[in-house]
Structure formats: C-alpha cells, structure tokens
Amino acid sequence: MGEPLHTVTTLPTARQAGCPFDPPAELIDARSHSPISRYPFPDGHQGWLVTGYDLVRSVLADSRFSSRKELMRHHPLIDYGDIEVPPAPPGEFLLMDEPRHGRYRKPLVGKFTVRRMRLLTERVEQVTAEHLDAMEQAGPSADLVTAFAKPIPAVIICELLGVPYADRGLFQKHIDTFLGGEVSDEELYAAYTATQSYLAELVAAKRANPTDDVLSDLLDSDLTDEELQGIALILLSAGFDTTANMLALGTFALLQNPEQLAALRADPALTDNAVEELLRYLSVAKTFFRTALEDVELGGRTIEAGTTVILSLNTANRDPERFTDPHALDIQRQEGGHLAFSHGIHQCLGQQLARVEMRVALPALLHRFPTLRLAVPAEEVELRPETADIYGVRSLPVTWEA
Ligand code: HEM
C-alpha cells in the first residue's frame with residue numbers, strides 16, 4: 001500500500017493576505033501531504049495536481065505528457081463539460097507537441113541564444129537608462145510598473161521582432177487583457193481577435209518590406225503568413241508580460257527583504273545569483289498543464305490516458321525536499337535548477353533575454369534610487385489574481401528622496 005490519496009477539492013483564486021510572494025497556502029499544504037494530489041475538475045474530470053519538484057520536473061521531461069491545447073483542461077476552475085477546445089492555431093507552439101512544435105521552435109532557437117542575447121546588453125542598458133531618467137524627472141514618486149517594469153521589456157521585444165513600438169497602443173492593452181485573467185470569455189476572445197488582425201497586417205507589411213529583425217528573418221523559410229502571425233503572438237505576449245512581472249514583483253520582494261536588498265546593493269557581483277533566486281522564489285509563470293497520452297506511473301499513482309495534470313511550478317520551486325529553507329529569499333543561495341523557466345522541450349525560449357533584462361534593469365534601478373521605498377503600506381499593493389497566467393502586481397507605487 002502506498003500513501004493515502006490526497007485530494008484537493010478547489011484551487012485558490014487568491015493568495016493568503018500578507019503573503020504576496022508565497023504560493024497559496026492550499027498548494028503548500030497539498031505538497032506537504034503528497035507531491036501529487038487528486039484534483040477533480042468542476043466538470044467531474046478526475047485530474048491530478050503535481051506540487052513536488054521531482055515529479056513536476058519528470059512530467060515536463062516526459063513526452064507521454066502532451067501540451068496539446070485540444071487535449072487539456074487548461075483552466076482548473078472552468079467546467080469543460082460542453083466545451084470543444086480547438087487545437088492551437090498555426091505558429092502558437094507553446095500548446096503543441098512534436099513534430100508540430102519543432103517546426104516553429106527550431107528556426108527560432110538560434111535567434112535567442114546566450115550569445116545573441118548578450119549582444120543586446122548595451123541596448124537594454126540604454127533603454128533602461130532612458131526610463132530611469134524619465135522616472136527621476138517626473139518623481140520623486142512613480143508607479144514602477146508603468147514607468148519601468150512594463151516598458152523596458154516591451155521596447156526590447158518590439159525591436160527584436162521588428163514591431164514598431166509606436167504601434168503598441170494597437171495591441172498592448174489587448175495582450176494585457178488576455179493575460180490578466182480578469183475578464184469574461186467574450187472580452188478575451190475580442191482582445192485575441194484584435195491582436196490577430198494587427199499581427200496579420202504586420203506580417204503583410206514585412207512581406208512587402210522586410211527589415212532587420214526576427215520576423216523578417218523567418219520570411220525566407222517555408223512558414224506561412226498565418227504561422228508567422230502565431231509565432232509573433234507567442235513571442236510578443238511572452239516578451240511583454242513575463243519579465244515585466246518579474247521586474248516589478250522582484251523589486252517589491254527586495255524592498256520587503258531589506259537585508260537581501262542591502263546585500264545586493266553592497267555587492268553588485270551578486271546580481272546574476274539574485275536574479276536566479278528571484279526567479280525561483282517568485283515563479284511568476286506558475287501553473288502549466290499536460291495531458292497523459294497513455295497510462296503513466298507517477299509517484300506511485302497511475303495517471304490514466306486522457307487525464308489532465310496541473311503542474312504547480314511555484315510550489316515545486318518551494319519544495320523543502322529540493323531547496324533548503326525554501327520560503328526564504330536568499331540571494332546567495334547556491335542551489336540551482338529552479339523550474340521557473342520550465343524544463344523539457346517547452347523550456348522557455350526567451351530565458352536568456354529575460355536574464356539579460358533583469359540583470360541590467362534591477363541593479364540600474366537600485367543604483368539610480370538608493371533610497372527607493374514603497375509609497376504605500378505593503379498590504380495595499382494590488383496583486384494580480386491567481387487566475388492570471390502570469391502572477392505579479394497590478395501597480396507598485398514607489399518613492400525616493402529627491
Ligand atoms: C522572467 C521571464 C520569463 C519567465 C518566468 C518565462 C517562463 C516560461 C515558462 C515557464 C515556459 C514553459 C511553458 C511550458 O512548459 O509549457 C515558457 C515558454 C516560452 N517562453 Fe518564456 N518566460 C519568460 C520570458 C520570456 C521572454 C522574454 C520571451 C520572449 C522571447 C519568452 C518566450 C517564450 C516562448 C516562445 C515559450 C514557448 C516555448 C515552447 O513551447 O517551446 N519567455 N516561458
């Protein structure tokens with residue numbers, strides 16, 4: 001006989017008051033019972049919730065678990081009873097398996113290597129300095145999200161893709177809408193369609209007049225315009241929202257951990273390590289889904305073919321069996337191997353870009369504003385709901401001595 005089966009009946013829609021950086025208490029509790037729990041979806045589908053580091057990592061590495069959109073219940077709170085989920089549209093390779101996935105990922109890999117991304121360092125420094133200048137001039141207070149965290153990665157991904165930053169009004173709010181997790185299905189669909197029509201025009205414009213960027217580079221391949229649109233959508237939305245939330249939530253976490261902040265200020269050589277620790281500690285891309293293609297033994301359970309498995313990356317990254325004192329933010333931590341960028345064939349394509357952005361922007365902010373602090377009590381900082389794909393703060397009011 002194995003361990004008794006632990007069941008989680010509902011998943012949280014919010015984090016515990018006063019713990020904005022920790023995974024919801026229900027998930028931490030589930031992991032302490034067992035690295036894998038039963039999760040009955042609202043429509044009665046008997047799914048699983050995986051919270052232990054080793055099991056999450058092994059599912060991510062296992063091709064018997066599919067990312068195909070049409071197979072999975074990719075929202076733990078929705079009743080999928082009558083919903084027919086279509087396959088991911090061409091180009092949107094995050095929700096595909098091989099060989100479809102590789103058709104899109106392969107031509108992109110060489111464009112996001114460590115070396116290529118390091119070459120961007122100088123440009124990231126410039127863009128960061130421009131935003132810090134503007135923030136300083138408009139200060140001594142600011143919303144760090146709109147002044148700093150959002151625009152820096154947005155400018156960079158637009159430049160990489162060859163999307164005019166001046167056009168951002170045409171798609172940024174739509175992307176925010178479909179990633180924010182706070183609107184109805186109709187609004188979500190409208191935002192998605194509006195972004196698609198912008199991208200259709202963009203791809204047509206590149207065909208007519210190629211420029212020096214990742215999208216134009218792909219015009220010579222056998223990818224269709226529709227596929228290029230899908231790729232652009234994935235890259236833009238990933239590039240806009242993820243690093244932005246890490247920068248804002250990361251700053252918030254440092255301000256709330258003054259001894260860690262002081263250590264980083266005292267020794268900028270700790271920056272790379274601090275960035276990895278913030279990635280682990282915050283795990284803003286927190287929940288992913290896979291569907292078993294055949295019966296699979298996992299952690300002493302049989303995951304039946306067709307069953308959806310919810311992977312809690314943020315809980316796995318706080319697993320005490322993998323990380324010492326996992327709920328502490330420790331920028332000198334030497335235990336690598338966090339899963340904040342996932343693992344396996346879908347491991348984040350943009351991770352080297354995200355690292356360059358964080359390694360440049362965070363220390364530049366701290367250096368420019370030595371007296372940076374929250375402008376409101378920490379409890380009043382507005383958090384994104386758990387239903388958002390990417391966790392973070394809605395805004396972060398900060399101030400400093402002018
Ligand atoms: C700190 C910032 C970021 C975090 C935490 C993050 C996290 C993730 C995670 C967890 C996945 C894997 C999903 C899965 O296993 O199903 C992923 C995939 C992906 N990310 Fe990121 N990401 C970040 C920044 C970026 C940036 C800046 C880009 C822009 C190029 C990007 C592009 C992608 C793409 C294209 C995929 C899909 C890869 C595939 O399916 O093969 N990400 N990201």
Side-chain angles (χ1 to χ4, degrees), residues 50 56-63 65-69 72 74 88 91-113 116-117 120 124 149-150 152-161 163 175 179 213-215 218 230-250 275-291 308-314 316-317 338-362 388-392:
V50 188
V56 168
R57 196 169 186 280
S58 78
V59 172
L60 290 169
D62 190 335
S63 61
F65 287 101
S66 167
S67 283
R68 278 162 58 196
K69 184 175 181 181
M72 69 174 120
H74 50 286
E92 294 185 26
F93 57 101
L94 177 69
L95 300 178
M96 295 176 185
D97 295 343
E98 301 306 359
R100 252 189 121 200
H101 167 262
R103 168 168 171 78
Y104 306 116
R105 179 158 174 138
K106 274 193 201 119
L108 288 168
V109 170
K111 306 192 186 306
F112 287 91
T113 56
R116 282 264 191 133
M117 295 302 110
L120 285 180
V124 178
K150 265 192 168 182
I152 296 169
V155 171
I156 300 295
I157 193 69
C158 282
E159 289 183 0
L160 256 177
L161 285 181
V163 175
I175 292 183
L179 296 176
D213 52 65
V214 168
L215 265 190
L218 295 175
I231 291 177
L233 180 72
I234 292 269
L235 292 176
L236 258 191
S237 36
F240 258 60
D241 209 43
T242 46
T243 318
N245 280 293
M246 273 304 302
L247 288 175
L249 196 65
V275 163
E276 294 312 306
E277 172 64 350
L278 286 168
L279 284 161
R280 178 198 73 85
Y281 181 70
L282 300 171
S283 299
V284 295
K286 56 196 166 40
T287 316
F288 289 89
F289 302 84
R290 298 291 191 261
T291 305
T308 294
V309 175
I310 305 172
L311 303 174
S312 178
L313 262 49
N314 54 344
N317 275 337
H338 66 69
L339 297 173
F341 289 125
S342 186
H343 178 66
I345 66 162
H346 292 280
Q347 190 177 33
C348 182
L349 178 78
Q351 60 184 284
Q352 305 306 346
L353 172 60
R355 287 193 167 104
V356 168
E357 291 172 338
M358 287 184 280
R359 288 170 182 177
V360 168
L362 278 176
D389 285 340
I390 307 293
Y391 181 65

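Values reported hereafter were calculated over all heavy atoms of this structure, with side chains retained and with hydrogens, waters and symmetry mates removed. Quick note: residue numbers are just sequence positions, from 1. Both ligands and their constituent atoms are indexed starting at 1 by order of listing.
- Considering only heavy atoms from C-beta on, Leu60 stays 4.5 Å or farther from His346 through its side chain.
- Protein heavy atom closest to atom 24 (C) of ligand 1, with residue, atom name and distance, is Thr242 OG1, 3.0 Å.
- Protein heavy atom at the shortest distance from atom 32 (C) of ligand 1 is Ala238 CB, 3.4 Å.
- No hydrogens or angles considered: a donor-acceptor pair under 3.5 Å links the side chains of Arg290 and Ser67.
- Phe93 and His101 get closest at one heavy-atom pair: O-CD2, 3.3 Å.
- A donor-acceptor pair under 3.5 Å links the side-chain atoms of Asn245 to the main chain of Asp241, judged by distance alone.
- Taking distance alone, with nitrogen or oxygen atoms compared against 3.5 Å, His343 stays at or beyond that limit from ligand 1.
- Between Asp213 and Val163 there is no side-chain heavy-atom pair separated by less than 4.5 Å.
- Looking only at protein heavy atoms, the nearest one to atom 34 (C) of ligand 1 is Leu349 CB, 3.9 Å.
- At least one heavy atom of Phe112 lies less than 4.0 angstrom from ligand 1.
- Close approach of ligand 1 to Met358 (heavy-atom distance below 4.0 Å) involves ligand atoms 1 (C).
- When all heavy atoms are compared, the tightest approach of Leu236 to Ile157 is CD2-CG2, 4.2 Å.
- Of all the atoms in ligand 1, the ones that sit under 4.0 Å from a non-hydrogen atom of Met246 are 1 (C).
- Contact analysis leaves Arg355 out of contact with ligand 1, as no non-hydrogen atom separation drops below 4.0 angstrom.
- For ligand 1, the polar-atom distance check against Gln351 finds no nitrogen or oxygen pair separated by under 3.5 Å.
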(request) Please lay out, stage by stage, how Lys111 and Leu218 fare under the test side chain to side chain contact (heavy atoms under 4.5 Å, CB included). (result) CA-CA 11 Å; Lys111 306 192 186 306; Leu218 295 175; 4.1 Å; yes
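- Contact annotation: Leu279 has at least one heavy atom less than 4.0 Å from an atom of ligand 1.
- Scanning both residues, Thr243 and Ala354, for their nearest heavy atoms gives OG1-CB, 3.8 Å.
- Inclusion of Thr243 in the set of residues having an N or O under 3.5 Å from an N or O of ligand 1 is not warranted.
- Close N/O approach between Ser67 and ligand 1 is not found [any backbone or side-chain N/O within under 3.5 Å].
- Looking at atom 28 (C) of ligand 1, its nearest protein heavy atom turns out to be Gly350 CA, 3.5 Å.
- Every atom of ligand 1 with a heavy atom of Ala354 under 4.0 Å away is listed here by number and element: 1 (C), 2 (C), 24 (C).
- Below 4.0 Å from some heavy atom of Ala340 lie the following atoms of ligand 1, by number and element: 5 (C), 7 (C), 10 (C).
- Contacts of Ile345 with ligand 1, taken as heavy-atom pairs under 4.0 Å, involve the backbone alone.
- The shortest heavy-atom distance from Arg290 to ligand 1 is under 4.0 Å.
- Contact between Met96 and Gly91 at its shortest, heavy atoms only, is CE-N, 3.8 Å.
- Taken from CG in Leu235 to CD in Glu92, the straight-line distance is 11.0 Å, to the nearest 0.5 Å.
- A 4.5 Å side-chain heavy-atom check between Leu278 and Leu362 finds at least one atom pair inside the cut-off.
- Of the heavy atoms in Phe341, both backbone and side-chain atoms come closer than 4.0 Å to ligand 1.
- In terms of protein heavy-atom proximity, atom 13 (C) of ligand 1 is closest to Phe288 CE2, 3.3 Å.
- The two residues Ser66 and Asp97 make their nearest non-hydrogen contact at OG-OD2, 2.6 Å.
- Ser283 contributes a side-chain N or O that, together with a main-chain N or O of Arg280, makes up a donor-acceptor pair within less than 3.5 Å.
- The shell of residues lying under 4.0 angstrom from ligand 1, judged by heavy atoms, excludes Met96.
- Closest heavy-atom approach to atom 21 (Fe) of ligand 1 among the candidates Gly344, Cys348, Gly250: Cys348.
- Here Leu94 has heavy atoms under 4.0 Å from ligand 1 in both its backbone and its side chain.
- In His346, the parts holding a heavy atom less than 4.0 Å from any atom of ligand 1 are both the side chain and the backbone.
- Between the side chain of Lys69 and the backbone N or O of Leu94 there is no donor-acceptor pair closer than 3.5 Å.
- Near Ser342, with a cut-off below 4.0 Å to any heavy atom, the atoms of ligand 1 are 10 (C), 12 (C), 14 (C), 15 (O).
- Taking every heavy atom of Arg105 and a limit of under 4.0 angstrom, the matching atoms of ligand 1 come to 38 (C), 39 (C), 41 (O).
- In this structure, Thr291 and Phe289 have side chains that are not in contact, with every pair of non-hydrogen atoms separated by 4.5 Å or more.
- When each atom of ligand 1 is checked for a heavy atom of Leu235 under 4.0 Å away, the hits are 30 (C), 35 (C).
- The closest non-hydrogen atom to atom 41 (O) of ligand 1, taken over Lys106, His101, Lys111, Glu92, comes from His101.
- Here the closest non-hydrogen pair linking Phe112 and Met117 is CA-CE, 3.6 Å.
- Within ligand 1, counting atoms from 1 as listed, the ones closer than 4.0 Å to a heavy atom of Ile234 are 35 (C).
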